[in-house]
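Heads up, the thing below is written out as structure tokens.
Quick note: residue numbers are just sequence positions, from 1.
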Amino acid sequence: MSILVNKNTRVVVQGITGREGGYHAERCMDYGTKVVSGVTPGRGGTLFLEKVPVYNTMKEAVVETKANTALIFVPAPFAPDAILEAADAEVELIICITEGIPTLEMVKVARSLGDKPVRLIGPNCPGIISPGDNCKVGIMPGNIHTAGRVGVVSRSGTLTYESVQQLSDLGIGQSSCVGIGGDSVSGTAFVDVLRLFNEDPDTDVVVLIGEIGGTKEQEAAEYIKHEMRKPVSALVVGAS
């Protein structure tokens with residue numbers, strides 16, 4: 001009942017000993033997510049919450065704990081390197097929550113990732129949640145989500161929460177909710193997520209929330225028109 005993250009997802013949190021990283025890592029664990037390790041340079045050999053091992057490097061963490069997903073809570077000046085370190089460690093999925101990364105730095109990151117077998121969500125995103133699998137990799141409030149068959153994809157964090165809350169209040173559950181982030185240069189786009197929902201047997205309909213600026217919404221419209229086999233309810237909002 002999910003895309004991208006599920007009960008088998010094994011998360012390493014980069015920046016787990018920081019205030020934001022530690023707080024949200026604990027919330028993810030409370031939700032049921034398998035947070036198997038953390039990375040903070042200089043803090044290797046310690047334990048987070050007396051049970052999650054902390055390593056100095058991503059390669060150590062991935063080798064020792066078989067992590068397959070990276071969740072990044074690293075300050076903006078260091079986040080690009082954190083993304084590239086995660087990619088070099090060969091995790092399958094990188095979710096970067098960090099906001100404020102300069103566009104030029106993300107252009108360099110996108111070029112460096114190239115054809116590497118890794119998917120980047122974000123930066124400046126709330127992450128991903130799959131309620132049916134009790135897996136939350138990000139900062140979204142888990143209590144407003146319910147398991148069901150509606151896929152949600154959004155550029156806006158707060159509008160994601162608003163739409164999910166309204167769905168849940170109506171008794172309509174979600175298969176997965178993906179926040180792709182609002183930055184001009186990011187990883188996974190609307191079309192990428194729509195394609196995953198299109199192929200997911202446990203998603204019947206999709207809610208898409210866009211913003212003005214850029215071409216991601218136009219690209220999504222073309223994909224929906226020509227290839228999407230499931231109903232899509234879309235809202236594009238914003239002011240310029």
Side-chain angles (χ1 to χ4, degrees), residues 1-9 11 68-72 83 86-87 90-97 106 109-133 135-138 140 145 147-157 159-160 163-164 167 172-237:
M1 293 182 64
S2 61
I3 63 169
L4 295 173
V5 301
N6 53 47
K7 61 185 178 181
N8 297 316
T9 297
V11 179
N68 56 21
T69 298
L71 177 59
I72 298 178
I83 295 171
E90 299 182 347
V91 295
E92 300 169 6
L93 178 66
I94 303 171
I95 300 171
C96 184
I97 307 299
M106 278 309 302
V109 167
R111 180 177 296 174
S112 296
L113 291 180
D115 296 325
K116 290 185 178 180
V118 61
R119 180 185 296 276
L120 171 65
I121 305 290
N124 188 21
C125 76
I128 308 171
I129 186 169
S130 295
D133 282 316
C135 187
K136 176 172 93 85
V137 188
M140 63 288 291
H145 294 78
R149 303 183 65 86
V150 175
V152 179
V153 58
S154 173
R155 277 176 69 181
S156 167
L159 286 180
T160 303
S163 62
V164 166
L167 288 170
I172 302 172
Q174 307 91 46
S175 55
S176 291
C177 302
V178 183
I180 64 172
D183 285 3
S184 57
V185 179
S186 58
T188 301
F190 278 129
V191 171
D192 302 311
V193 181
L194 288 172
R195 186 174 288 114
L196 293 173
F197 281 136
N198 208 19
E199 301 302 324
D200 178 31
D202 294 316
T203 297
D204 294 335
V205 61
V206 177
V207 172
L208 182 151
I209 301 173
E211 299 175 349
I212 63 170
T215 60
K216 291 184 176 70
E217 288 74 15
Q218 288 93 328
E219 293 159 7
E222 284 296 310
Y223 178 82
I224 292 166
K225 180 178 180 179
H226 297 292
E227 299 187 46
M228 197 73 184
R229 301 186 303 275
K230 301 174 182 180
V232 178
S233 179
L235 172 69
V236 181
V237 294

**OP:** State whether Arg149 and Asp202 are salt-bridged, where the test is any N-O pair (Lys NZ or Arg NE/NH1/NH2 against Asp/Glu carboxylate O) under 4.0 Å.
**Re:** yes
Original post:
What residues form a side-chain contact (heavy atoms from CB on, under 4.5 Å) with Ser163, not counting sequence neighbours?
Top reply: Val152, Ile209
**OP:** Drop me the distance from Phe190's CZ to Gln218's CD, to the nearest 0.5 angstrom.
**Re:** 10.5 Å
Original post:
So Ser233 and Leu208, side-chain contact (heavy atoms from CB on, under 4.5 Å) or not? Walk me through it.
Top reply: CA-CA 6 Å; Ser233 179; Leu208 182 151; over 6 Å; no
Original post:
Is the closest side-chain donor-acceptor distance between Thr203 and Asp200 under 3.5 Å?
Top reply: yes
**OP:** Would you mind reporting whether Pro123 and Ser186 have side-chain heavy atoms less than 4.5 Å apart?
**Re:** yes
Subject >> Gap between atom CD1 of Ile128 and atom OG1 of Thr69 - 0.5 Å precision >> reply: 8.0 Å
Original post:
Side chains of Ile94 and Val118: closer than 4.5 Å at any heavy-atom pair?
Top reply: yes
Original post:
Are any non-hydrogen side-chain atoms of Glu211 and Leu159 less than 4.5 angstrom apart?
Top reply: no
Original post:
Got a salt bridge between Glu227 and Arg195, using NZ or NE/NH1/NH2 to carboxylate O under 4.0 Å?
Top reply: no
**OP:** Measure the spacing between CD1 of Ile129 and OG of Ser2 and express it to the nearest 0.5 Å.
**Re:** 11.5 Å
Original post:
Hey, is NZ on Lys7 packed in by over 12 heavy atoms from elsewhere, all under 6.0 Å?
Top reply: no
Subject >> Leu93 and Asn68, any side-chain heavy atoms less than 4.5 Å apart >> reply: no
Original post:
Can you check whether Val193 reaches Ile3 side chain to side chain, under 4.5 Å on heavy atoms?
Top reply: yes
Subject >> Between SG on residue Cys125 and CZ on residue Arg155, distance to nearest 0.5 Å >> reply: 13.0 Å
Original post:
What distance do Asp133 atom CG and Ser176 atom OG have between them, rounded to the nearest 0.5 Å?
Top reply: 7.5 Å
Original post:
Any idea which heavy atoms bring Ser175 and Phe197 closest together, and the distance?
Top reply: OG-CE2, 3.8 Å
Original post:
Going from CD1 on Ile72 to CG on Leu120, what distance comes out if it is rounded to the nearest 0.5 angstrom?
Top reply: 7.5 Å
**OP:** Please report the shortest heavy-atom distance between Pro126 and Gly157, naming the atom on each side.
**Re:** CG-CA, 4.0 Å
Subject >> Ile180 to Ile121 - nearest heavy-atom pair and separation >> reply: CA-CG2, 4.4 Å
Original post:
So which heavy atom on Leu194 is nearest to which on Ala220, and how close?
Top reply: CD1-CB, 3.9 Å
Original post:
Less than 4.0 Å between a side-chain N and a carboxylate O, is that true for Glu199 and Lys230?
Top reply: no
**OP:** Please tell me if the side chains of Met106 and Asn124 come closer than 4.5 Å, counting only heavy atoms from C-beta onward.
**Re:** no
Original post:
Looking only at heavy atoms, what is the nearest atom pair of Ala87 and Leu113, with distance?
Top reply: CB-CD2, 3.6 Å
Subject >> Flag, side chain of Asp183 to backbone of Gly122, donor-acceptor distance under 3.5 Å >> reply: no
Original post:
Side chains of Cys177 and Met140: closer than 4.5 Å at any heavy-atom pair?
Top reply: no
Original post:
Can you tell if the side chain of Val205 reaches within under 4.5 Å of the side chain of Val207, non-hydrogen atoms only?
Top reply: no
Subject >> Taking every non-hydrogen atom, the tightest pair across Val206 and Met228 >> reply: CG2-CE, 3.7 Å
